[in-house]
Every structure is written in C-alpha cells, then in structure tokens.
Amino acid sequence: MSFSSLRSVRSILSYQKYLRYFQQQQSCLVTVTDEYRAVSKSRSSLKGVELLRNPALNKGMAFTLEERQHMGIHGLLPPAVLSQDVQALRVMINFRRLNDDLDRYSELMNLSDRNEKLFYRVIADNIEEIIPIVYTPTVGLACQKYGLVFKRPRGLFITIHDKGHIYDILCNWTEQQVKAIVVTDGERILGLGDLGAFGMGIPVGKLQLYTAIAGIPPQHCLPIMLDVGTNNQEISSNPLYIGIRQKRVTGKEYDEFIDEFMEAVVQRFGWDCLIQFEDFASHNAYRLLERYQKQYCTFNDDIQGTAAVVLAGLFGALRITNTKLVDNKYLFVGAGQAACGIADLLAHAMMREGATQEEAASRIWMYDVHGLIVEGRPQGDLEGPKSAYMKKGKPVKDLSAVVDYVKPSVLIGASGAGRLFHEAVLKTMGQINERPVIFALSNPTSRAECTAEEAYRETEGRCIFASGSPFKPVVYKDKTFYPGQGNNAYIFPAVSLATIACAARHVEEDMFLIAAQQLGLLVSQADLDAGRVYPPVTAIHEVTVKIAAHLAEHLYETKKAWNYPEPNDKEEFIRMQLYDTSYEYFGPKTWKWPEQHSSARNVPSIDEDVCLES
Ligand code: NAD
C-alpha cells in the first residue's frame with residue numbers, strides 16, 4: 001500500500017461527501033467506485049511504525065487503545081491517550097516559550113512533518129498569532145536562513161539541468177490528485193530580492209495557507225521551485241545553499257524551460273490544475289502572466305492577488321472618506337509588478353464605476369527608483385506596464401516634492417525599499433488631505449515604507465493606514481488605532497478555493513475584482529470605526545468561504561464552472577469540500593447484526609442424522 005494510495009483514499013472520501021451532497025440535492029443515484037473500494041480495503045494495511053511516520057495519518061498519542069492494538073503500534077507510544085485538544089495546548093505552550101520567531105517557524109515546520117492534522121488545527125485555532133510566522137514577515141527570514149532551517153524537502157525542486165525531463169520529475173510526486181501548484185524561481189522573494197532555491201519557503205508557506213485558511217486539503221497542494229540559478233553571490237557561496245550554484249539562466253532557454261513546465265503540469269495533473277506564480281521578478285512576472293493567462297488555469301499572486309487586496313482596502317477606506325474611486329488621486333511609490341497590478345485593477349474598477357480609460361489612468365501617478373514617471377524624464381526607463389500611467393509633467397525626484405506636486409489623496413508604497421515615507425512625506429499628506437490614505441505595503445516589516453506609528457503620528461491620527469506586514473495597534477493621543485494588514489491571504493486562498501471547487505478553466509481578472517468588492521463589503525462598521533479597512537485576521541477563514549461562495553456563484557452564472565451538476569447553495573457546496581482537521585478513526589470497522597444471527601447460540605444442536613439427510 002503506497003503513501004499515495006492512502007492519500008487518495010482521503011480525497012475519495014471527500015469526493016464521496018461531495019457526491020452525497022448531490023444525492024441530497026439532486027436526488028441522483030451514485031455508486032461507490034471499485035477504485036474506492038479497493039483503496040479503502042487496503043487502507044488498513046499501513047500499520048505499525050510506518051503509520052506513526054506518516055504525517056498525514058499520524059495522530060501521536062491520540063491513537064486510542066483499540067487503534068493502537070489494531071494497527072500494531074501498541075507499546076510504541078507512551079500509555080496515556082491524549083485528545084487533540086490537549087495536544088494542541090501542548091504545542092502552543094511550547095511555541096510561546098520560544099523567544100525567537102525563526103525558532104517558532106522551525107517548531108511549526110517540525111510539527112507539520114510529524115502530524116499534519118494537528119499542525120492545521122493549531123493554525124486554525126491561533127490564526128492571528130501564527131500567520132505572521134508561517135507567512136510574512138517570518139517566512140522572509142526563514143527563506144534567508146533556509147540553509148539552516150531546512151530539515152526535510154517539501155515539494156519538488158526542478159532545475160534548469162532537468163530541461164527535457166520535467167514530466168518525469170512531476171511523476172516522482174506520489175500524490176495523484178494535485179489540484180494546486182505554487183511555483184517560484186526565487187528571483188524576487190518578498191522585498192528581499194534574489195534568494196535562489198532558498199525561496200522555496202514561499203510556495204511552501206503559501207500552500208500551508210491554502211489549507212489553513214481556505215481548507216484546501218494538503219494532498220491537493222504541491223510547492224515547486226524552478227531552480228535556474230541565482231545571481232545572489234552571497235547566497236550561492238553559502239556552504240549551506242540548497243540550490244544550483246550558477247548565474248541565472250535567462251532568455252530563450254529560460255522561456256523554453258517555463259513552457260515545458262506548464263505543459264508537463266497539464267500532462268501530469270490535468271488542464272484544471274491551478275498554477276499560482278509567486279515571487280518571480282517583474283521582468284518575467286508580467287510577461288509570463290500575459291503568455292499563460294488564457295492558455296492555462298493560472299494567476300500571479302504578486303500582481304493580481306496584491307491588486308485585489310489593496311483594492312479591497314481602498315473600498316474600505318473610501319467608505320470612511322465617503323468618496324468614489326474616481327474622486328481620488330493615487331500616487332504609487334514603486335512601479336513594479338505589485339504597483340502596476342494594483343493600478344491596472346484600480347483602473348478597471350474605476351471603469352466599472354463609469355470612468356473612461358483615460359479618466360481612470362489620469363487619476364494614477366507613479367514614482368520609481370528614478371523619480372516621477374513623466375514623459376522624457378532624464379533618467380530611468382519608461383517601458384512596460386507602468387508606461388500606461390506616464391504623465392506629462394515635471395521630472396521630480398525627491399519624494400516629498402513629488403507629493404507636494406501631485407497632491408495625491410492616496411499614497412501607496414510598493415517599492416521594497418524601506419522607509420521612504422519619512423516625516424516630510426507623511427506631513428505633506430496630512431496637510432493636503434483631511435483623511436489621507438496611506439498604504440505602506442512593502443514586505444517584510446523592515447522594508448515597509450513607514451511604520452503604523454509614524455503614519456498616525458505625522459498625520460495627527462487622521463490617516464487611514466494599511467500595511468503589507470502586520471503592525472500592532474497604535475495609541476495616539478489616547479485613541480487606539482488598529483492598522484489594517486493588506487495581506488494577500490485575504491484573496492488568493494479564496495480565489496483558489498473557488499477555482500478548484502468549480503473546476504474553472506481560467507482565473508479571470510473579474511474574479512479578482514469580485515473578490516476585492518466582497519472583501520471590502522465584509523469590513524464591518526465597527527472595524528471601520530477602529531480604523532481597520534480589512535476584517536480582523538481572526539475572521540479570515542469565514543471571510544474566505546464567503547468570498548469563494550460569491551466567486552462560485554459568478555463562475556456558474558457566467559458558465560465558467562465545469563463541475564456539474566450546478567449546486568443550488570454555493571456556500572454549502574464550498575463548505576462540503578473543506579479539509580477537516582479532526583482525526584480519522586483507525587480501529588476495525590464493525591457493525592451489528594440482529595441478535596438471532598450474530599452468535600452460534602441459535603444454531604440447532606448437532607444431530608448427525610439430520611446433517612446427513614440434508
Ligand atoms: P518589484 O521589484 O517588481 O518593484 C519594485 C519597484 O520599486 C520598482 O519600480 C523600483 O523602481 C521601485 N523602487 C525600488 N527602490 C526604490 C526607491 N528607493 N524609491 C522609489 N522606488 C523604488 O517588486 P514588487 O513585486 O512590485 O514588490 C514590491 C514590494 O511590494 C515588496 O516589498 C513586496 O513584498 C511588496 N508586496 C506587498 C504585498 C502586500 O502587501 N499584499 C503584495 C505583493 C508585494
């Protein structure tokens with residue numbers, strides 16, 4: 001019995017739940033497949049220590065006495081039987097005793113290697129505390145130190161030297177039902193730049209959020225590192241480096257490699273396998289998105305996910321300022337993939353509100369490392385997606401002078417460059433606006449354009465602030481402000497959940513707009529009053545299910561869902577497919593018979609003559 005067959009038992013089980021749901025809803029007759037019977041029968045053959053070593057099935061000390069005896073693990077565990085509640089408590093006590101976030105990250109990764117259900121249960125119960133560890137900001141630190149924290153491979157490493165054999169490598173992955181891949185080439189990890197194969201921490205972390213937030217079963221998720229080398233000498237000369245030590249391959253060879261990867265995924269896992277691109281450098285990210293968007297089931301989180309979460313934050317902020325999108329003037333600091341993705345979706349949303357394309361573009365200004373993006377500026381290129389927002393104007397370089405010149409009502413930092421919103425910039429924003437909107441999105445925290453505290457202080461508590469990495473509440477003049485976190489985790493798990501559940505063929509732009517609108521609407525008045533433009537992170541799972549249900553509605557309405565028959569209640573349909581963190585039962589499957597048939601007591605006494613006659 002292979003590990004993969006065991007995993008497929010679980011997916012078949014959830015498939016069964018799904019079929020039962022349709023039986024109830026559509027009164028259709030469904031029979032259990034022979035494949036399911038075969039796998040189900042042999043499930044019990046994974047016994048003994050192998051069961052304890054399998055993180056997907058291991059329950060640790062939660063195995064009951066009956067299960068321990070039945071599965072051949074009796075005596076391999078201490079005699080006490082603990083509930084999952086107690087196990088979760090023990091994990092959190094140990095977790096909180098650690099002084100260092102990197103140690104906390106390692107502790108959690110070790111747990112996921114031992115007991116997957118407990119790992120996800122602990123995240124679900126402590127989401128606000130743990131998301132910053134498995135995701136930004138700590139995951140950034142973990143990537144930088146990946147050589148140290150690396151204990152056991154998760155996901156697939158495919159190098160440029162494997163060109164021509166990518167399909168073979170995908171076949172080495174034992175899970176049969178991969179439905180979502182997060183892939184990176186490690187060239188732009190968060191705001192930290194080229195980390196090469198150390199960037200694998202990002203796809204791993206993102207997919208953990210797929211399960212923890214969106215309930216997408218872990219066996220459907222596959223993290224992949226496409227290792228084409230690294231131009232970061234410091235990393236590649238580190239003796240603990242885990243990738244290939246050479247300069248990045250670029251150009252035709254790179255493109256052929258990525259093309260082969262996309263084709264191999266479809267060949268191995270089917271056309272509806274979702275591929276999320278993550279932390280590719282701008283010069284590739286946009287190009288690859290355009291190239292594959294209409295051919296594959298794919299999206300780029302740094303461009304589209306970021307755009308949606310920021311747009312949702314703007315919807316929230318505009319509920320406070322009581323203005324429409326088109327009434328505002330936006331200045332982006334940083335004109336890379338995050339900024340251009342946000343600007344594109346923002347323009348799209350303004351057009352949906354009735355603005356023309358020219359009007360929408362005229363509201364958006366951009367500023368990059370070479371200064372304001374204006375025609376004929378003396379320094380810096382004007383190519384690529386940012387060119388759509390180029391203006392006729394003065395080529396100003398100093399940021400506070402730019403703010404004074406453009407007079408934006410909304411300032412959005414996505415530069416990855418650290419403290420660019422210094423005192424003068426923030427003060428100017430406060431002088432020209434009653435309620436300035438200031439989003440400092442760069443990650444990790446050390447790269448944020450300003451802290452929450454600086455933003456509230458320099459604008460005398462009037463700004464509406466959100467950031468990419470979390471900031472603690474700020475007390476300013478006796479009032480407590482709760483900074484919003486424009487965390488992509490509000491969007492990409494929901495988009496992926498709906499796409500997978502409905503077997504959508506493509507992830508279209510409208511899905512991000514709908515996700516943003518829904519997220520904006522899910523912010524309560526109480527949250528807005530406290531300065532929050534996003535729902536609290538503690539509500540992220542429920543928010544995700546609600547957004548995914550709306551997206552499913554949209555996919556069926558527009559005939560883009562391929563999972564038939566169409567469910568009546570989309571939210572229930574989504575909920576039916578969610579991963580369950582409660583443990584499976586491993587004891588013998590028994591059932592009762594009527595008393596007269598269940599023992600030898602009712603058999604007539606043996607009479608040799610009667611036996612011979614019959
Ligand atoms: P990118 O490399 O594509 O773009 C960076 C841009 O910033 C470029 O236009 C560059 O010219 C500009 N820049 C760099 N240094 C600058 C400086 N000193 N002054 C002005 N401009 C400068 O990167 P990206 O993918 O767009 O990501 C940028 C940042 O946004 C990263 O820190 C990333 O973590 C963050 N981000 C946040 C979220 C979120 O909060 N939800 C999502 C995605 C990305």
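Predicted model only: the values in this text are computed from it and were never measured. As the structure lists them, so they are numbered: ligands from 1, and atoms in each ligand from 1. Sequential numbering from 1 along the given sequence is applied to the chain's residues.
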With heavy atoms under 4.0 Å as the rule, classify the contact between [X] and ligand 1 as side chain, backbone, both or neither.
| X | result |
| --- | --- |
| Ala417 | side chain |
| Gln337 | both |
| Arg188 | side chain |
| Thr136 | neither |

query = Should you measure from each heavy atom of Thr306, which atoms of ligand 1 turn up under 4.0 Å away?
reply = 38 (C), 42 (C), 43 (C)
Lys329 NZ: over 12 foreign heavy atoms closer than 6.0 Å =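 More than 12 heavy atoms, drawn from other residues, nucleotides or ligands, come within 6.0 Å of this atom.
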inquiry  = Test your reading of the structure: does Val333 have an N or O sitting under 3.5 Å from an N or O of ligand 1?
reply    = no
inquiry  = Test your reading of the structure: does Asn443 have an N or O sitting under 3.5 Å from an N or O of ligand 1?
reply    =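 Indeed, backbone or side chain, Asn443 has an N or O that close.
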inquiry  = Under the rule for side-chain hydrogen bond (donor to acceptor under 3.5 Å, both in side chains), what residues qualify as partners of Tyr389, not counting sequence neighbours?
reply    = Asp344
request  = Among Tyr476, Tyr482, Phe481, Phe471, find the residue that satisfies the ring pair (Phe, Tyr, Trp, His ring centres under 6.0 Å) test when tested with Tyr456.
outcome  = Phe481
ask   = Taking the minimum heavy-atom distance to atom 3 (O) of ligand 1, which of Gly193, Ala489, Gly413, Ser282 ranks first?
value =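 Among Gly193, Ala489, Gly413, Ser282, the closest heavy atom to atom 3 (O) of ligand 1 belongs to Ser282.
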request  = Would you list the pairs meeting salt bridge (Lys or Arg N to Asp or Glu O under 4.0 Å) in which at least one residue belongs to residues 443-453, sequence neighbours left out?
outcome  =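 Only Glu453-Arg457 qualify under salt bridge (Lys or Arg N to Asp or Glu O under 4.0 Å).
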Under 3.5 Å donor-acceptor, Tyr534 side chain and Val309 backbone =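 Checked: pair present.
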